[in-house]
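Report on the structure given below.
Proteins get letters first, then strands, A, B, ... in listed order; numbering begins at 1 in each.
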Protein chains: 2
Amino acid sequence: MDEHRPFADSRNGAKSPSTTVASSVYVKMRLDILTGDLRPGEKLRSEFLRGRYNAGISPVREALNRLSTERLVCREDQRGFHVAGVSKAGLVELTKTRCWIEEIAIRESIEWGDDAWEEQIVLSFHRLSRTPRSSEDLTYAFNAKWEGLHRDFHNAIIACCGSHWLLGFCEQLVDQADRYRQLAAAVSYPKRNERNEHKDLMEATLSRDADRAVAIQCAHIRKTADIVLEANLSFLPDDIDLADPSRC
Amino acid sequence: MDEHRPFADSRNGAKSPSTTVASSVYVKMRLDILTGDLRPGEKLRSEFLRGRYNAGISPVREALNRLSTERLVCREDQRGFHVAGVSKAGLVELTKTRCWIEEIAIRESIEWGDDAWEEQIVLSFHRLSRTPRSSEDLTYAFNAKWEGLHRDFHNAIIACCGSHWLLGFCEQLVDQADRYRQLAAAVSYPKRNERNEHKDLMEATLSRDADRAVAIQCAHIRKTADIVLEANLSFLPDDIDLADPSRC
DNA sequence: TTTCCTATTAATTTCCAAATTCATTTAACT
DNA sequence: AGTTAAATGAATTTGGAAATTAATAGGAAA
């Protein structure tokens with residue numbers, strides 16, 4: 001119960017959509033999982049979360065239940081909740097699926113995108129390219145602003161695919177991929193020139209060259225995965241351990 | 001608290017995974033939404049659900065939160081829950097997306113499927129073909145057994161696609177499509193010979209003719225959608241009403 | 001009539017304590 | 001020793017009451 005209802009504006013008829021504690025916990029916990037602040041496989045005890053997010057048990061459980069159906073949290077009846085686990089095999093499967101789904105989204109978006117769509121891509125690329133990847137200069141530190149703009153850019157590309165379902169699937173897969181990306185961000189930084197990759201993607205998209213845009217995007221996705229795989233992270237198992245409750 | 005924990009088997013080491021009230025409500029409510037027993041757009045008040053499922057508020061809310069992230073229920077902070085709405089435009093978008101996703105799943109599954117996969121397809125087709133579409137003879141009545149076997153058959157086809165994500169997406173889209181199908185089931189029954197459609201799909205799949213299998217499956221999906229659209233159901237709006245809270 | 005404000009009612013959300021279930025240890029027995 | 005059973009402790013799950021918020025109705029002012 002900290003910053004709940006920061007401003008209850010009731011002057012004009014525009015109803016201010018006040019949020020709930022459950023939703024606020026949901027957003028925070030989701031972010032903590034994506035950044036790896038809550039580590040893969042970690043047990044999520046209600047008392048611990050109660051303290052961490054300064055909320056009661058009910059809103060905490062509501063958030064956990066929401067996250068469990070998006071596969072960020074895994075639930076076992078009568079045995080509570082875990083952060084979903086990760087594995088090399090899982091990353092390979094995820095990467096493969098992302099390439100399939102994003103290919104459709106890009107092709108459709110390029111076919112149906114209009115002027116406003118093009119402008120949004122240019123704009124979001126500009127904003128992204130002016131923001132540093134890391135919030136520190138020499139070492140890697142999570143930069144929430146860059147992360148947000150990065151998502152905006154990739155979302156702008158596929159925005160006109162014509163299916164809310166497809167957009168939702170892409171987002172869910174990006175969420176999952178982000179968890180792996182954060183695991184290796186420190187290792188890979190600053191080996192990579194992501195700006196050029198994004199620039200190429202933008203140019204191919206704006207010139208409506210679907211084949212090339214798809215190729216660039218898939219290479220982009222695979223490269224990120226390869227960096228994680230080649231980092232040989234000790235805490236990343238080859239496959240999902242079926243005895244592990246965080247397998248999901 | 002009716003049939004909770006039907007048998008608490010603790011003889012052998014194999015831990016019997018006892019379920020929770022929340023999960024039981026979740027399953028029941030999900031089914032009620034898929035069959036249309038809880039109608040699209042309907043408000044879901046906690047008191048009403050409390051009575052309907054004979055449970056406390058906490059498990060009911062946990063079920064609602066789970067369903068809301070799978071887009072079967074739509075949630076508005078401080079304003080409660082609705083069954084997700086339906087519309088003609090929504091059905092068109094859903095159908096388009098299903099064709100995209102299932103095409104990938106079928107092609108991959110045909111590429112990677114083994115002997116056991118083929119046998120499972122034959123088996124599930126056999127079971128499906130021996131089960132009546134309707135649980136009554138002349139008029140349509142929901143037949144849970146047929147619905148289950150129907151899902152099993154289509155799942156068997158794509159089972160070897162190699163991606164749990166893709167399988168999950170297919171299932172989510174089938175869930176949504178089922179809601180539309182039930183809306184028009186009474187109207188379309190018994191106009192259609194679904195058995196032949198399934199037979200053709202099975203044969204194309206077993207002969208590893210991916211192009212044909214995809215064509216049949218997409219036609220299958222589109223035909224179902226067309227029946228719903230052409231039924232001109234009075235309660236099916238053209239587009240989603242943005243003022244309607246059940247829009248999601 | 002319309003708009004705005006207030007009082008009232010209804011519904012949602014949250015906290016918390018009791019009930020249930022799981023995990024671990026200890027004891028008893030073969 | 002090894003296995004089974006009971007006992008203890010810890011964690012999850014649940015029901016309901018209290019707090020918060022939205023929706024509604026009624027009345028005053030423009």
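- Distance A:Arg50 CZ to C:dC15 C1': 8 Å, rounded to the nearest Å.
- Judged by a 6.0 Å distance limit and a 45° cone about the ring axis, A:Arg71 is positioned over the six-membered ring of B:Trp165.
- Judged by the 6.0 Å distance and 45° axis criteria, A:Arg75 is not positioned over the aromatic ring of A:Phe81.
- More than 12 heavy atoms of other shown residues, nucleotides or ligands fall within 6.0 angstrom of atom NZ in A:Lys43.
- Look at A:Lys43 and you'll find a side-chain N or O under 4.0 angstrom from OP1 or OP2 of D:dT12.
- As rounded to whole Å, 17 Å separates atom C1' of C:dC22 from atom CD of A:Glu47.
- When the nucleotides D:dG16, C:dA11, C:dT14 are ranked by their closest atom to the side chain of B:Ser58, D:dG16 comes out on top.
- Residue A:Pro59 has its side chain nearest to C:dT14 when only D:dA11, D:dG15, C:dT14 are considered.
- Within 4.0 Å (heavy atoms only), B:Phe48 reaches no atom of the nucleic acid at all.
- Summarising the geometry, the separation between CG on B:Asn54 and P on D:dT14 is reported as 13 Å, rounded to the nearest angstrom.
- Considering only the side chain of B:Glu62, D:dT14 comes nearest among D:dT14, D:dG15, C:dT13.
- For the residue pair B:Ser163 and A:Thr97, a side-chain donor N or O sits within less than 3.5 Å of a side-chain acceptor on the partner.
- Among the nucleotides C:dT21, D:dA11, C:dA11, the one closest to any side-chain atom of A:Arg45 is D:dA11.
- Protein atom CZ of A:Phe81 is 15 Å distant from nucleotide atom P of C:dC22, rounded to whole Å.
- Ranking D:dG16, C:dA11, D:dT13 by closeness to the B:Ile57 side chain, first place goes to D:dG16.
- What separates CZ of B:Arg79 from P of C:dA10 is a distance of 19 Å, to the nearest Å.
- Residue B:Arg61 places at least one side-chain N or O under 4.0 Å from the OP1 or OP2 atom of C:dT13.
- The neighbour count for A:Arg39 CZ, taken as heavy atoms of other residues, nucleotides or ligands under 6.0 Å away, does not exceed 12.
- Considering only the side chain of B:Thr20, D:dT13 comes nearest among D:dT13, C:dA23, C:dT13.
- Counting to the nearest Å, the C1' atom of C:dT14 and the OH atom of A:Tyr53 are 19 Å from each other.
- Atom NE2 in B:His82 sits roughly 13 Å away from atom P in C:dA11 (whole-Å rounding).
- OP1 and OP2 of C:dT12 both lie 4.0 Å or more from every side-chain N or O belonging to B:Arg75.
- Proximity of A:Ser46 to the phosphate of D:dT13: no side-chain N or O atom is located under 4.0 Å from OP1 or OP2.
- Computed from coordinates, the B:Asp77 CG to C:dT13 P distance equals 7 Å when rounded to whole Å.
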